Amino acid sequence: MAIPLFNSIASWLLKKRYHQIELFLKYPLDVQKEVLTQLVAFADSTAIGKEYGFESIKSYEEFAQRVPIQNYETLAPTIERTRKGEQNIFWPTPIKWFAKSSGTTNAKSKFIPVSSEALEDCHYKSGKDLLCLYLNNNENSQLFTGKSLRLGGSKELYEDNGTFFGDLSAILIDNMPLWAEYSSTPSSKVSLMSEWESKLEAIIEESIKENVTSLAGVPSWMLVLLNNVIEKTGKNHLFEIWENLEVYFHGGVSFAPYREQYKKLLPRKRFNYYETYNASEGFFAIQDRNNSEDLLLMLDYGIFYEFIPMNLYGLEEESAIPLWEVKVRVNYAIIITTNAGLWRYKIGDTVRFTSLNPYRVRITGRTKHHINAFGEELIIENAEEALKQVCLKTGAEIKEYTAAPIFMVNNEKGAHEWIIEFRKHPENLGYFTEVLDNALKSLNSDYEAKRYNNITLRMPKVHIARENLFYDWLKTKNKLGGQHKIPRLSNERAYVEELLQMSILSTHL
C-alpha cells in the first residue's frame, strides 16, 4: 500500500473513533456502569462468577459487597491453575497469554492474565486512541508518512503447559495487527530479541535507515537508545537523522527527570510529547491535549475503576469508592476489574484527579514506592517535581536515582538517603542537597514539619553514583531494557544497601 494512501485511510479511521470518545466524555458514569454490568454478565458462568453469584448482581453496591478486593498474592494460586491449562476460572474465554510483570525488581515474578478481549478492546484499542487523540489535536500531522520507532521489552515469549508468557510488549508485538506492524520499526524479529545490548545495536541498524516520525517507549531506556544513535551517527541532534520526527509517546516512568535531556536531543519548540498510562494489567489513560501533564481516563476499554483514598490504604477501615465518588486533589490507590478476569484488583499505582469533567488524572506513584518512615508521606510525585526544580536551578542532569530512609539509631535523628547517577554533575553537591531539601519542603508539608529544626529528620544524605551503577545493578538481575524500572522510593533499605555495596563515588555528609 502506498504511504500517502495509507496515511489518508488511517487518519480517517482514527478521527472517526473520536466520536466514540466523545460519548464517554459526555456520559462517563453511564459508560462505567455499563462496563461493570457487561463484565459481570459475561463472567457469570465462571468459577468466580458462581462463587460470588454474578448472575443476581444488579448494582455496583451488590458487586462491592460480594466481591473482595484482592492483590496478586491472593490471586496467584488461581492464576497458576490457569497457567497449567485449567480454564473458565475467572474469565469465560480461554486465557493463553500471561504478561510477566516487569514493574518490579523483586526476584518473584507476576504473571498477569491477558485475554483476547483485553488484547483487542484495551491494549490495541488504546494504541489507536492515542493516535486518534494526537491527530485530533494536530490536524497537520504527517505521522503516517513515516514509521514509529518503538522500544519494547527485551524478553522473548516462552511456552509452558500450552500457555505463553513474556513481557507485555512481546505479547503485543507477537499479536500485532498488520497496520501496526506496517507503520513500525524495528521489525518484530528485532523487537523480540532477548539480549538487550545486541538488540540495541540491531534497533539502531534498522531504524536509522527509516523515515521515523514518532518515538514510543519508556523514557529512561529510550534515552539510552537515542544517545547511542547520536554516538553512532556522529550527529548533533535527532532531527539531523530523522528530519520529520514530530512526537514522542512515552510512559512507564515519570518524564520529569528526563525532559531537559530530551530537549537537547530534540531542539524544536514545536515537537510534541504525549504521555500514556498503561501496565501489564491494562491501558488506563492518555494525554488528550498538547502540552499537558493531565491524562484522560479511558472509560470504555472493558475496565471498571474503583479507588481507595491513600489515607485509608492498608488500614482496617480501608474501603473503595467508584468513579462517581472521587474528588480532585486526593491521592488514591487504583482498583480495577478487567476484561481479562481481574476482579477488584489492586494494581499498586496511585493517582490524583485534576478534573472531574472530564475525568483526568496524574500518576503520583506506587502504593509500595514511597517513604513514610517518620510520617513524612513522601511520594514519587513529590520527588520527581523536587528533582526537576533542583536540576533547573543547579544545571545538573539526572540519569537515575533511588531513595530510602535512614532509620533512627541510638537517639540519632532519621534522614533520607539518596543515590543519584548524574549525566551532568552539580558543581556543588552540598548546594544541590540544600536545594533538594528546600524543594521537598515546599512540595510536602508533612516532610517540612518533620524537617523543622531537625525535629525528626536531618538534612538528606546524597551520594553521587558511579557511572552506570544502576545499569549494572539491573544487569545483575537480568532486567535490562524495555519496561524494567528503577524503584524510585522505598520505605525500607534493601535496594539502597545493594547499590551502596556496588560502590559509589562521593557522599555529602
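Please read these numbers as outputs of a predicted model, since none were measured by experiment. Just the heavy atoms: all of them, side chains too, but no hydrogens, waters or symmetry mates, feed the values below.
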Side chain N444, main chain E376, donor-acceptor under 3.5 Å: yes
Residues R83 and E80 bridged, charged N to O under 4.0 Å: yes
Within 6.0 angstrom of K393 NZ, more than 12 heavy atoms from elsewhere: no
Contact summary for R289 and D294, nearest pair of heavy atoms: NH2-OD2, 3.3 Å
Under 3.5 Å: donor-acceptor pair, side chain of R344, backbone of A64: yes
Test item: Q87 side-chain N/O and I95 main-chain N/O as donor-acceptor pair under 3.5 Å: yes
Pair Y258 + Y273: ring centers closer than 6.0 Å: no
Heavy-atom donor-acceptor pair, R17 side chain to C132 backbone, under 3.5 Å: no
Single hit among N331, I379, V351 for side-chain contact (heavy atoms from CB on, under 4.5 Å) with M310: N331
Sidechain-backbone polar pair: E281 side chain, P113 backbone, donor-acceptor under 3.5 Å: no
Residues, nucleotides or ligands: over 12 heavy atoms within 6.0 Å of E316 CD: no
Smallest separation among heavy atoms of T337 and L39, with atom names: O-CD1, 3.6 Å
NZ/NE/NH1/NH2 to OD/OE distance under 4.0 Å, K96 and D174: no
Check: Y274/N290 side-chain N/O donor and acceptor closer than 3.5 Å: yes
Distance-minimising heavy-atom pair for L378 and W418: CD2-CZ2, 4.4 Å
K346 and its salt bridge (Lys or Arg N to Asp or Glu O under 4.0 Å) partner, picked from E318, E306, E73: E318
Donor-acceptor contact present, side-chain S115 to main-chain N339, <3.5 Å: yes
Exceeds 12 heavy-atom contacts within 6.0 angstrom, atom CZ of F407: yes
CD (E55) with more than 12 external heavy atoms under 6.0 Å: no
Cationic tip of K475 above W196 ring, under 6.0 Å, 45° of axis: no
Any donor-acceptor pair under 3.5 Å from T402 side chain to I419 backbone: no
Ring pair (Phe, Tyr, Trp, His ring centres under 6.0 Å) between H416 and Y447, worked out: CA-CA 11 Å; H416 288 178; Y447 177 86; 5.6 Å; yes
Donor-acceptor under 3.5 Å (R493 side chain, P405 main chain): yes
Main-chain N/O of Q287 paired to Y134 side chain as donor or acceptor, under 3.5 Å: no
Atom CG of L356 with >12 non-hydrogen neighbours under 6.0 angstrom: yes
Lys/Arg-Asp/Glu bridge criterion (N-O < 4.0 Å) met for D167, K100: no
Single hit among Y401, Y471, F470, Y495 for side-chain contact (heavy atoms from CB on, under 4.5 Å) with I486: F470
